[in-house]
Amino acid sequence: MIELAGVWRTFAVGDARVQALRDVSLGITAGEHVALIGPSGSGKSTMLHILGCLDRPTQGRYVFEGAEIGAASDEARSLLRRHRIGFVFQFFHLLARLTAQGNVELPMLFAGVGLAERRERAEEALASVGLSHRGTHRPDQLSGGERQRVAIARAVVMRPALVLADEPTGNLDRHSAQEVMELLESMNRQGLTLVVVTHDQAIAARAGRVLRLADGELA
């Protein structure tokens with residue numbers, strides 16, 4: 001599904017050049033559960049941004065589902081993010097003024113899905129994360145674990161092939177973290193490809209494969 005070949009990512013900081021990624025090559029097959037670990041500044045976020053088409057390699061190739069993505073147009077990359085890649089973040093990024101249902105419907109609104117279908121699919125997504133009874137509640141009326149489950153429902157409502165989870169348990173207590181990981185792993189067992197960035201060794205150990213980054217290189 002994913003192939004990175006000789007990927008570098010360089011940033012200009014004043015007069016200096018910082019190598020965030022250095023000659024990274026790897027493959028991730030469809031249906032894998034991969035954890036990405038490493039200290040702060042190791043390049044994890046940069047890697048995630050490239051995988052999620054939020055950034056481009058300075059050098060090297062990124063192939064997603066057989067297509068070269070690194071040099072694709074902004075429109076093509078936007079469509080890929082919309083339909084094939086879901087994102088789950090540490091800080092949830094839910095819109096405070098919308099209900100749980102409204103937050104889950106949002107990606108479909110941008111994709112032009114009709115109202116009736118949006119509502120039906122959002123209800124199904126909330127049911128899949130055990131929150132059918134909380135659809136009319138706003139984020140400030142939900143616990144941290146519930147907010148993350150809403151975020152997961154939003155990430156998968158467009159039925160993506162890949163979910164990128166950036167520290168998905170970082171703001172949760174141990175019990176809520178366990179529930180969130182069990183939910184993501186259940187979706188992975190149904191065929192969803194899952195890449196989790198984490199500092200938590202226990203969370204990383206749940207993955208089928210662990211990738212370690214250090215100074216922008218795969219260790």
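These numbers come from a predicted model, not from an experiment.
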Peer 1: Looking at side-chain heavy atoms only, is the closest gap between Leu4 and Arg61 below 4.5 Å?
Peer 2: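 Heavy-atom side-chain distance check fails, nothing below 4.5 Å.
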Peer 1: Compare all side-chain heavy atoms of Asp166 with those of Lys44 and state whether any distance is below 4.5 angstrom.
Peer 2: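 The answer is no, as the side chains (C-beta and beyond) never meet within the 4.5 Å cut-off.
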Peer 1: Can a donor-acceptor pair be found, under 3.5 Å and without considering hydrogens, that links the side chain of Ser128 to the backbone of Ala125?
Peer 2: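 The answer is yes, because a donor-acceptor pair under 3.5 Å joins these two groups.
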Peer 1: Quick one: closest heavy-atom pair of Ala204 and Ile37, and the distance?
Peer 2: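 Scanning both residues completely, I find the closest heavy atoms to be CB-CG2, 3.6 Å.
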Peer 1: Once rounded to the nearest 0.5 Å, what's the spacing between atom CZ of Arg121 and atom CD of Glu105?
Peer 2: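 Spacing of CZ (Arg121) from CD (Glu105) equals 11.0 Å.
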Peer 1: Side chains of Leu194 and Glu32: closer than 4.5 Å at any heavy-atom pair?
Peer 2: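 When only atoms from C-beta onward are counted, Glu32 and Leu194 do not touch, as no gap falls below 4.5 Å.
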Peer 1: Under the criterion salt bridge (charged side-chain N to carboxylate O under 4.0 Å, His left out), I'd like the reasoning laid out for Arg97 against Asp140: C-alpha separation, chi angles, the key distance, then a yes or no.
Peer 2: CA-CA 9 Å; Arg97 68 180 184 276; Asp140 63 353; over 6 Å; no
Peer 1: Taking atom CZ of Arg154 and atom CD1 of Ile152, what is their separation to the nearest 0.5 Å?
Peer 2: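 Answer rounded to 0.5 Å: 10.5 Å.
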Peer 1: To the nearest 0.5 angstrom, please state how far the CG atom of Leu54 sits from the NE2 atom of His49.
Peer 2: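 Answer for the CG-NE2 pair, Leu54 versus His49, is 6.0 Å.
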Peer 1: May I ask you to check whether over 12 heavy atoms, not counting those of Asp215, lie within 6.0 Å of atom CG?
Peer 2: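 No, the 6.0 Å shell around CG holds no more than 12 heavy atoms from other groups.
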Peer 1: Walk me through it: do Leu80 and Ile85 pass the test side-chain contact (heavy atoms from CB on, under 4.5 Å)?
Peer 2: CA-CA 7 Å; Leu80 191 65; Ile85 303 173; 4.2 Å; yes
Peer 1: Give, for atom CZ of Phe11 and atom CG of Asp55, the distance between the pair rounded to the nearest 0.5 Å.
Peer 2: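 Spacing of CZ (Phe11) from CG (Asp55) equals 5.0 Å.
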Peer 1: Could you walk me through whether Val129 and Gln148 pass the side-chain contact (heavy atoms from CB on, under 4.5 Å) check?
Peer 2: CA-CA 10 Å; Val129 299; Gln148 193 61 296; over 6 Å; no
Peer 1: Find out whether Arg81 and Cys53 are in side-chain contact, i.e. whether some heavy atom of one side chain is under 4.5 Å from a heavy atom of the other.
Peer 2: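 Contact flag for Arg81/Cys53 side chains = yes.
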Peer 1: Under the 3.5 angstrom rule, does the side chain of Glu167 hit a backbone N or O of His199 as a donor-acceptor pair?
Peer 2: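 Confirmed, Glu167 side chain pairs with His199 backbone.
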Peer 1: I'd like to check Pro107 versus Arg82 (side-chain heavy atoms, cut-off strictly below 4.5 Å). Are they in contact?
Peer 2: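 Sidechains of Arg82 and Pro107: no contact.
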Peer 1: Is a side-chain N or O of Ser143 found less than 3.5 angstrom from the main chain of Glu146, in a donor-acceptor match?
Peer 2: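 Answer holds: yes.
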Peer 1: Pick from Gln190, Arg206, His33: which one makes a side chain to side chain donor-acceptor pair (under 3.5 Å) with Glu185?
Peer 2: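 That would be Arg206.
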Peer 1: Can you check whether Met181 reaches Ile203 side chain to side chain, under 4.5 Å on heavy atoms?
Peer 2: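 With C-beta onward as the side chain, the pair touches.
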Peer 1: Identify the heavy atoms of Ile69 and Phe64 that sit nearest to each other, and give their distance.
Peer 2: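 Looking at all heavy atoms of both residues, the shortest contact is CG1-CB, 3.5 Å.
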Peer 1: Quick check against the 3.5 Å criterion: does Tyr62 have a side-chain atom that pairs as donor or acceptor with the backbone of Glu68?
Peer 2: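 No, the answer is negative, given that no donor and acceptor are paired below the 3.5 Å cut-off.
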Peer 1: Can you name the closest pair of heavy atoms from Ala96 and Pro139 and give their distance?
Peer 2: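 Smallest heavy-atom distance, with atoms named: O-CD, 3.8 Å.
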Peer 1: Can you tell me if Ser42 uses its side chain to pair, donor with acceptor, with the backbone of Pro39 under 3.5 Å?
Peer 2: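 The answer is yes, because a donor-acceptor pair under 3.5 Å joins these two groups.
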Peer 1: Atom CD1 of Ile2 and atom CG of Leu26: how far apart are they, to the nearest 0.5 Å?
Peer 2: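 Those atoms lie 8.0 Å apart.
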Peer 1: Heavy atoms, side chains only, cut-off 4.5 Å: are Arg134 and Leu142 in contact?
Peer 2: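 In contact.
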Peer 1: Without hydrogens or angle criteria, can the side chains of Gln101 and Arg118 be said to hold a donor-acceptor pair below 3.5 Å?
Peer 2: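 Gln101 vs Arg118: no donor-acceptor pair found between side chains.
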Peer 1: Quick one: OG on Ser132 to CD on Glu124, what's the gap to the nearest 0.5 Å?
Peer 2: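 Answer for the OG-CD pair, Ser132 versus Glu124, is 10.0 Å.
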Peer 1: State whether the side chain of Glu117 and the backbone N or O of Gly114 hold a donor-acceptor pair below 3.5 Å, judged by distance alone.
Peer 2: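 Judged by distance alone, no pair lies under 3.5 Å.
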Peer 1: Take atom NE2 of His175 as the centre, draw a 6.0 Å sphere, and report whether it contains more than 12 heavy atoms from other residues, nucleotides or ligands.
Peer 2: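 12 or below, so no.
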Peer 1: Would you call Asp200 and Arg174 a salt bridge, using N to O less than 4.0 angstrom?
Peer 2: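 Judged by the 4.0 Å cut-off on N to carboxylate O distance, Asp200 and Arg174 do form a salt bridge.
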Peer 1: Under the side-chain hydrogen bond (donor to acceptor under 3.5 Å, both in side chains) rule, what do Gln19 and Thr10 come out as? Steps first, then yes or no, please.
Peer 2: CA-CA 5 Å; Gln19 305 289 357; Thr10 305; 2.6 Å; yes
Peer 1: With the side chain counted from C-beta on, respond yes when Ile28 and Thr193 share a heavy-atom pair under 4.5 Å apart, and no when they do not.
Peer 2: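 Result yes, sub-4.5 Å side-chain heavy-atom pair found.
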Peer 1: Tell me if a side-chain donor or acceptor on Arg56 pairs with a main-chain N or O of Ala72 at a distance below 3.5 Å.
Peer 2: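 Judged by distance alone, yes, a pair lies under 3.5 Å.
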Peer 1: Test side-chain contact (heavy atoms from CB on, under 4.5 Å) on Phe91 and Asn171 and set out the steps.
Peer 2: CA-CA 7 Å; Phe91 296 105; Asn171 273 341; 2.9 Å; yes
Peer 1: Which heavy-atom pair separates Val34 from Ala207 by the least distance, and what is that distance?
Peer 2: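 Closest pair (atom of Val34, atom of Ala207, distance): C-CB, 4.0 Å.
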Peer 1: Are Val197 and Met1 joined in one hydrophobic group, where the rule is that I, L, V, M, F, W and Y side chains link up if heavy atoms are under 4.5 Å apart?
Peer 2: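 Same cluster.
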Peer 1: Please assess Arg138 against Thr99 for the test side-chain hydrogen bond (donor to acceptor under 3.5 Å, both in side chains), listing each intermediate value before the final yes or no.
Peer 2: CA-CA 4 Å; Arg138 295 188 310 274; Thr99 63; over 6 Å; no
Peer 1: Are more than 12 heavy atoms from other residues, nucleotides or ligands located less than 6.0 Å from atom CD of Glu182?
Peer 2: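 Atom CD in Glu182 is crowded, with more than 12 foreign heavy atoms closer than 6.0 Å.
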Peer 1: What is the minimum heavy-atom distance between Leu51 and Leu164, and which atoms define it?
Peer 2: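 Scanning both residues completely, I find the closest heavy atoms to be C-CD1, 3.9 Å.
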Peer 1: Could you go step by step and tell me if Val24 and Glu217 meet the side-chain contact (heavy atoms from CB on, under 4.5 Å) rule?
Peer 2: CA-CA 6 Å; Val24 172; Glu217 297 179 300; 5.8 Å; no
Peer 1: Looking at every non-hydrogen atom in both residues, tell me the closest pair between Ala151 and Val88 and how far apart they are.
Peer 2: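 For Ala151 versus Val88, the nearest heavy atoms are O-CG2, 4.4 Å.
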